[in-house]
Amino acid sequence: MSQPPVVIWAPAVKRLLHYKDLVPRLEEVLGKFSKRDSAEVLQPVRTAVPLQKHNGFMLSMPAYMENTGILSTKLVCLYKRNEGSTLPSTQATMLLLDPECGNMKAVMDGEVITHMRTAAVSAISAKLLMHPEAEVLTILGTGKQALSHYDVFTEMFAFKEVRVWSHTRQRADMFCQHVPGPLKAFSSAEEAVRGADVIVTVTRSTEPVLFGAWVKPGAHVSAVGACRPDWRELDDALMKEAVLYVDSREGAMAESGDVILSGAKVFAELGDVVNGAKPALREKTTVFKSLGRSLKKDRKPYVNCALLTFVLGGRNGSSGCRVCSAGV
Ligand SMILES: NC(=O)C1=CN([C@@H]2O[C@H](COP(=O)(O)OP(=O)(O)OC[C@H]3O[C@@H](n4cnc5c(N)ncnc54)[C@H](O)[C@@H]3O)[C@@H](O)[C@H]2O)C=CC1
Ligand SMILES: O=C([O-])C1=[NH+]CCC1
C-alpha cells in the first residue's frame, strides 16, 4: 500500500522556490513543449468547468513528461470578484503522481507556484523580446501577479523607472507603499504606458485596459490577464500591430479573448524562440500572450530545484513510488 502524499504548503513553497532556479527550468520546459515531442512534454489544452453559482471556473491542467517521469496536474479556481471583495480571485493546488503506479506523491500549494511561475515566464518573454536598452517598466494591475512580476522583473533587469497603475489610484498608491524600491503610481493608464519600454498587464479586467495608440513602437508587452475566450485586456489595434508570441498556440486559439476576438495571427511560441526555430523580433512591438502552463518542475534533483529535491527527499531513485518510499 502506498504511503500518504507529502504535503507542501505555501510557506514551504515560498522558502524553497527561487526565481534563479525557476527561470532556467521554465525556459528549458518551454523549449521542450514547442518541439511537440510526446516523450518530452504532453500537455493538452486545459479544461474549464464553470462554477456558475460562484462566478468562477475550475481549470484542470494535466501534464506528463515521460522522459523525466513527471506526472502532475494543477487545479486552478478562477473567480470574477466584485470590487471590494476580500476573497481571492485565484486559488490553485498542484498534485504530483507517480506515473508508474498512479499513486499521489505530493500535494502542493499552487498559489505561490502560480504567482512565481507566471511571473517567471513573463520575465523570460522580456529577456527574449524586449529592447536590450529598455529603461521603463509599466505594470497595469496591483494584485498578486503584479507583485510577483515586480519581484522577478526587478531581480532580473535594471529598469531605471517602474510605473504602476490600477483602476483606482488608492490601489496603485498602496502597492507602491508595500514594495521596496522607487515606484511611481499613476491615475491614468495612458500616462503610465506612454514611453514605456516594457508593459505588463496583470488585471482582472474583461475589457481592454491597454490600447495600441499609447504603446511606444518597439515596446514589449507581457499580457497575463484575460484568460477566457471572451475576456480582453488589449485592444484590436495593439493585437494586430504587434508581433504575437504565445506560450501555447492551441491554448491561445482556445482560450485567449485577445487573440480570438481580434483575429491576430500567432507568430511563434516562446519555446520556438528558445529553440532557435523562430526569431525574437526585438526591434518590433511585441506581445507575449500568457495563458499559463502547469509544468513547473522536474523529477531529477537538478540540485537547483530545491522544491523537488525536497519532495524527493534528496534521492534520485530509479523506480517505484519514490516519494512515498522516501518517507519525507
Ligand atoms: N497567464 C497566466 O498564466 C495567469 C493569469 N492570471 C490572471 O492574471 C490576472 C491577475 O491575477 P492576480 O494578480 O492573481 O489577481 P488579483 O485579484 O490579485 O489582482 C487583480 C488586479 O486587477 C485589478 N482589477 C480588477 N478589475 C479591474 C478592471 N476592471 N480594470 C482594471 N483593473 C482591474 C485589481 O484592482 C487588482 O489590482 C487575472 O486575470 C488572472 O486570471 C493568473 C494566474 C496565471
Ligand atoms: O496558469 C494558471 O494557473 C492560470 N492561468 C489563468 C488563470 C490561472
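For ligands, and for the atoms within them, numbers begin at 1 and follow the listed sequence. As the structure is a prediction and not an experimental result, all values here were calculated from the model.
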Are Ser34 and Lys278 close enough that a side-chain donor and a side-chain acceptor fall under 3.5 Å?
-> no

So for Arg117 against ligand 1, with non-hydrogen atoms under 4.0 Å, the contacting part is side chain

Is His115 in polar range of ligand 1, meaning some N or O pair under 3.5 Å apart?
-> no

Between Arg46 and ligand 2, find which residue part has any heavy-atom pair under 4.0 Å and reply side chain, backbone, both or neither.
-> side chain

Measure from atom 4 (C) of ligand 1 to every heavy atom in Thr118, Thr201, Val76, Thr114 and give the option owning the shortest one.
-> Thr118

By side chain to side chain donor-acceptor pair (under 3.5 Å) - contacts of Lys284 (at least two apart) | none

Contacts of type side chain to side chain contact (heavy atoms under 4.5 Å, CB included), residue Lys80, not counting sequence neighbours = Asn55, Thr206, Trp231

Is Thr203 close to ligand 1, meaning an N/O of one under 3.5 Å from an N/O of the other?
-> yes

Can you find an N/O atom of Thr90 closer than 3.5 Å to an N/O atom of ligand 2?
-> no

Any N or O of Leu78 closer than 3.5 Å to N or O of ligand 1 | no

Contact check: Leu291 vs ligand 2, nitrogen or oxygen atoms, below 3.5 angstrom = yes

Min N/O separation Glu83 to ligand 1 under 3.5 Å = no

Any side-chain heavy atom of Leu17 within less than 4.5 Å of one from Val112?
-> no

